Protein chains: 2
Amino acid sequence: MTVLFVFAAALFCPITYSTYTFETKYIQVPLSHFSNIGNTTFKLRYLVNKSYHVKGGPVFLYTGNEGDVNMFAQNSGFIFELATEFNALVVFAEHRYYGQSMPFGNKSYSLENIRYLSTAQALSDYVYLIEELRRIYLATVISLDTYPFIAFGGSYGGMLAAWLRMKYPNSVLGAIASSAPIWLFDDLTPCETFYGITSDVFGHYGTEHCNKTIQLSWEVIRNVTKTDKGKAFVSATWKLCDHLKTAADVDKLIDWLSNIYVNLAMINYPYPTDFLVALPAYPVKIFCDKLNSYKSQNSLALVEALGIALQVYTNFTGETKCHNMNITSRDLGEYAWDYQACTELVMPMCSTEKDMFETAPWEFKKYSDDCFRKFGVHSARPDWVILEYGGKNLRYFSNIVFSNGLMDPWSSGGVLKNVSCTVLAVNITDGAHHIDLRGNHPADTNYVLEARKFHRNAIKKWLNII
Amino acid sequence: MTVLFVFAAALFCPITYSTYTFETKYIQVPLSHFSNIGNTTFKLRYLVNKSYHVKGGPVFLYTGNEGDVNMFAQNSGFIFELATEFNALVVFAEHRYYGQSMPFGNKSYSLENIRYLSTAQALSDYVYLIEELRRIYLATVISLDTYPFIAFGGSYGGMLAAWLRMKYPNSVLGAIASSAPIWLFDDLTPCETFYGITSDVFGHYGTEHCNKTIQLSWEVIRNVTKTDKGKAFVSATWKLCDHLKTAADVDKLIDWLSNIYVNLAMINYPYPTDFLVALPAYPVKIFCDKLNSYKSQNSLALVEALGIALQVYTNFTGETKCHNMNITSRDLGEYAWDYQACTELVMPMCSTEKDMFETAPWEFKKYSDDCFRKFGVHSARPDWVILEYGGKNLRYFSNIVFSNGLMDPWSSGGVLKNVSCTVLAVNITDGAHHIDLRGNHPADTNYVLEARKFHRNAIKKWLNII
């Protein structure tokens with residue numbers, strides 16, 4: 001099983017957004033903040049909602065992730081709910097090289113042009129944006145030195161929010177970093193933790209323990225697909241757009257399945273959502289319920305049951321004609337993310353025989369070679385993130401809340417304990433990936449509600465209003 | 001008067017170093033830390049002295065300036081004295097694009113190649129070096145996460161020491177930033193302060209107030225040099241290598257004089273030194289004593305007196321055959337510094353009628369245009385330093401001591417008051433440029449001794465040994 005590139009692997013589904021409204025704006029930012037390549041700039045997109053803003057209120061800035069910024073703006077309702085309470089200006093910033101923020105238009109992903117895609121450059125873009133926002137919206141309000149910006153982010157956006165506060169404490173007063181796996185690098189976290197948690201999530205559901213069935217399934221799939229007849233059977237039963245023909249196709253199928261399991265665990269929200277794809281409430285539970293309908297020891301029956309269960313993820317709307325396993329190459333954002341995962345954000349992952357996945361060691365050399373094949377660059381600096389952002393030692397930083405859903409695979413690299421009086425952790429025992437940033441919902445559990453209260457209080461403290 | 005490029009203007013005098021001994025080493029560091037230009041690295045030089053190091057002792061790392069690292073290693077004896085006391089490893093790191101740390105050898109200063117010269121890149125080099133030093137010297141000693149490095153630096157090196165602690169608090173436990181004008185950017189400090197302090201230093205000496213005589217001298221020089229005969233007179237009297245021929249030559253002479261006055265004030269140490277050039281004790285006093293021998297109202301007599309006084313700076317050794325006004329173009333380090341002053345480190349300076357200098361407003365456009373003429377790049381981002389390093393607000397940082405000699409022109413941009421319990425200021429009332437980093441000397445005043453004690457105590461506190 002290839003464990004490469006799963007973080008953004010699910011960003012393949014274009015969605016129409018409408019729930020939260022924004023003004024779309026652009027700022028010219030330097031292409032290269034740290035080397036002098038002339039005065040080249042490009043247009044970075046950001047979204048502004050002024051409707052809750054009252055003079056003197058803070059600015060809530062979402063530090064955008066690896067994808068179209070709208071996707072995050074429409075799935076972070078909590079920030080809007082807070083904004084009404086805090087009279088805040090709401091801004092969602094798009095990350096360079098994603099969405100519409102392409103430094104070189106549709107040529108941005110050439111080896112030559114993509115080189116300015118890095119976390120430090122993205123942070124510096126946000127620092128520029130903060131200055132611009134001060135000029136546009138706040139110049140007449142209050143001293144520019146002290147005007148409070150609060151950074152928000154989920155997942156990679158959460159890392160950026162935390163790092164923004166760590167590196168630029170004068171730009172943002174504090175950061176809410178939700179499901180930010182800032183410790184999923186180098187040797188900071190054992191490589192098996194990520195898939196271990198994923199397995200545990202599936203272990204929670206089904207009388208037969210869903211994860212045991214999945215663990216069994218790999219050998220079954222490998223065996224069945226050894227023959228052409230078996231490949232044809234799986235292709236037809238699972239309605240694959242491209243039928244399985246080679247052993248490599250079978251490897252791809254295994255990767256595709258593995259990614260789906262990770263994504264199901266990530267977004268195992270207690271109500272229907274349309275974030276990565278359209279999904280029912282508790283999709284892992286639904287998946288496992290369907291899979292548990294498989295009772296016999298018959299291999300083909302297991303394949304059939306899996307095919308049905310998978311549709312929870314692949315075809316919840318019932319509109320999918322066939323299933324495309326190339327999801328990792330269809331999304332533009334994914335390509336750029338994979339580049340980041342190769343150049344800077346190398347997250348060692350492996351699975352062991354304890355997990356429901358096929359066992360796979362972490363092989364850095366193989367990972368780096370794959371990067372070279374794909375991007376023409378090796379992963380030269382797997383310890384870069386630690387050098388740049390300080391690794392496990394956060395005691396010199398302040399005003400950050402790290403929140404994690406403990407049933408989210410990405411919590412494996414999260415900060416799960418308080419570091420100091422001002423670098424705090426809040427855990428959502430039954431929570432999935434950055435669920436706390438989502439808007440209020442009747443199905444929210446107490447754990448999520450408590451986390452949101454925690455955020456609210458932290459921000460009040462930062463703003464000196466309690 | 002052109003007030004451009006004075007910071008490093010004095011680094012023109014090659015000196016043989018011998019007092020402190022080092023092992024010269026090199027580390028391969030990435031050329032570009034923040035954009036992915038492939039795996040290009042280059043050799044950064046550093047100097048190591050292990051003789052005081054005892055297992056468990058800290059590392060004292062000098063973050064090198066705009067020049068050959070030896071120059072700073074030989075003029076920072078205080079660090080060695082501390083090292084004996086603290087059992088420390090002493091390391092002096094050379095700044096990229098200076099000394100022998102040339103990424104592209106003798107082609108490093110082409111417009112294409114010099115682009116990777118920036119403060120952020122230099123800091124990242126030092127972070128890499130710290131990791132390397134941990135591996136080489138400390139791997140068996142103690143947890144790598146916690147091993148204490150203390151950064152030291154004077155002048156620009158002091159800025160880097162402070163910024164290193166601010167941006168990479170996990171790499172260095174604390175920073176002694178001596179005479180670091182981190183607030184001499186954009187609108188943080190009134191532009192006239194720098195020349196104001198320089199004038200005051202000259203005002204301290206001589207019964208006639210030396211600075212008044214200098215203030216008078218500009219008009220005299222301008223008048224005398226209006227004629228060819230006058231130009232010839234000044235050229236001969238002052239033993240200029242290139243005789244004055246044009247009005248532009250006269251402007252250059254004025255700049256040269258101004259730079260010498262600044263340098264004299266900077267290094268007005270209470271004992272003979274050989275830092276920028278060979279100088280007697282209190283060179284400003286000696287200069288002023290000589291100038292005060294001028295008593296008449298005769299213009300030519302004033303020119304003659306100035307010519308004699310100037311030799312304190314230009315010819316203390318008596319070996320100078322003629323005086324070269326092109327000092328700003330003879331030193332390699334100076335070229336790179338000017339580039340930094342154009343691209344990132346824009347320090348607005350001006351002089352008013354209150355100062356002993358010719359009056360000159362701060363004209364950013366002119367400055368930027370001069371940069372374009374010299375380097376092909378405009379000063380696009382005069383506020384960069386503030387955005388990147390946080391401007392006046394230092395309350396979120398910790399473990400930094402800013403020391404300043406109050407008779408040093410560069411103290412104009414220094415941190416002169418305590419910011420918090422851990423970001424502290426110590427002022428040396430009668431001190432010149434980073435005198436506290438120099439080795440102990442019988443002529444040291446109590447103010448300097450107190451500052452060194454202050455540093456010592458701060459480091460003890462950081463190391464938890466008091």
Side-chain angles (χ1 to χ4, degrees), chain A residues 30-41 111-112 114-124 127-128 130-131 144-146 165-173 339-340 342-344 375-381 383-384 386-399 422, chain B residues 30-41 111-112 114-124 127-128 130-131 143-146 165-171 173 339-340 342-344 375-381 383-384 386-399 422:
Chain A
L31 176 60
S32 175
H33 292 280
F34 308 101
S35 57
N36 309 293
I37 57 163
N39 299 337
T40 314
T41 59
L111 182 58
E112 179 76 17
I114 202 174
R115 59 173 55 168
Y116 303 102
L117 171 55
S118 73
T119 55
Q121 303 280 7
L123 292 180
S124 220
V127 170
Y128 263 70
I130 286 166
E131 278 309 294
L144 295 193
D145 274 346
T146 57
R165 171 64 192 172
M166 286 158 66
K167 289 291 185 185
Y168 298 94
N170 289 341
S171 292
V172 292
L173 184 63
Y339 177 83
Q340 291 197 261
C342 277
T343 49
E344 268 193 0
F375 299 108
V377 288
H378 277 105
S379 292
R381 311 197 292 169
D383 60 348
W384 164 256
I386 296 178
L387 294 183
E388 182 65 14
Y389 301 110
K392 284 242 167 168
N393 182 0
L394 300 175
R395 69 171 170 273
Y396 297 116
F397 305 109
S398 61
N399 292 7
T422 60
Chain B
L31 175 62
S32 174
H33 293 279
F34 308 102
S35 58
N36 309 292
I37 55 161
N39 300 336
T40 314
T41 59
L111 183 57
E112 178 77 15
I114 202 173
R115 59 172 57 168
Y116 303 102
L117 171 55
S118 72
T119 55
Q121 304 280 8
L123 292 179
S124 219
V127 170
Y128 262 69
I130 287 166
E131 276 311 292
S143 154
L144 295 194
D145 274 348
T146 55
R165 170 63 192 172
M166 287 159 64
K167 289 290 185 185
Y168 298 95
N170 290 340
S171 293
L173 183 63
Y339 177 82
Q340 291 197 261
C342 277
T343 50
E344 268 194 359
F375 299 107
V377 288
H378 276 105
S379 293
R381 312 197 290 169
D383 60 349
W384 163 256
I386 296 178
L387 294 183
E388 182 64 14
Y389 301 110
K392 285 242 167 168
N393 181 1
L394 301 175
R395 69 172 170 272
Y396 297 116
F397 305 110
S398 60
N399 293 5
T422 61

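Computed from a prediction, not measured in an experiment: that's the story for all the values here.
Looking at A/E388, the atoms closer than 4.5 Å to chain B (heavy atoms on both sides) sit in the backbone and in the side chain alike. Residue contact with chain B, scored on non-hydrogen atoms closer than 4.5 Å, involves the backbone of A/S32 exclusively. For A/L117, the part lying under 4.5 angstrom from a heavy atom of chain B is the backbone only. Of the atoms belonging to A/S124, it is side-chain heavy atoms, and not backbone ones, that fall under 4.5 Å from chain B.
Taking chain A as the reference chain and counting heavy-atom pairs below 4.5 Å, the highest number among B/N39, B/L387, B/I386, B/L123 is found for B/L387. In terms of non-hydrogen atom pairs under 4.5 Å with chain B, the most contact-rich of A/T343, A/D383, A/V377 is A/T343.
Take A/F397 and apply the ring pair (Phe, Tyr, Trp, His ring centres under 6.0 Å) test, not counting sequence neighbours, and it matches no residue. Checked against salt bridge (Lys or Arg N to Asp or Glu O under 4.0 Å), B/R381 has no partners two or more places apart in sequence or in another chain.
With hydrogens and angles ignored, the 3.5 Å screen pairs no side-chain donor or acceptor of A/S398 with any backbone N or O of A/T422.
Counting only N and O atoms by type, the side chains of B/Y396 and A/N399 include no donor and acceptor under 3.5 Å apart.
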Could you walk me through whether A/N36 and B/Y339 pass side chain to side chain contact (heavy atoms under 4.5 Å, CB included), step by step?
CA-CA 10 Å; A/N36 309 293; B/Y339 177 82; 3.1 Å; yes
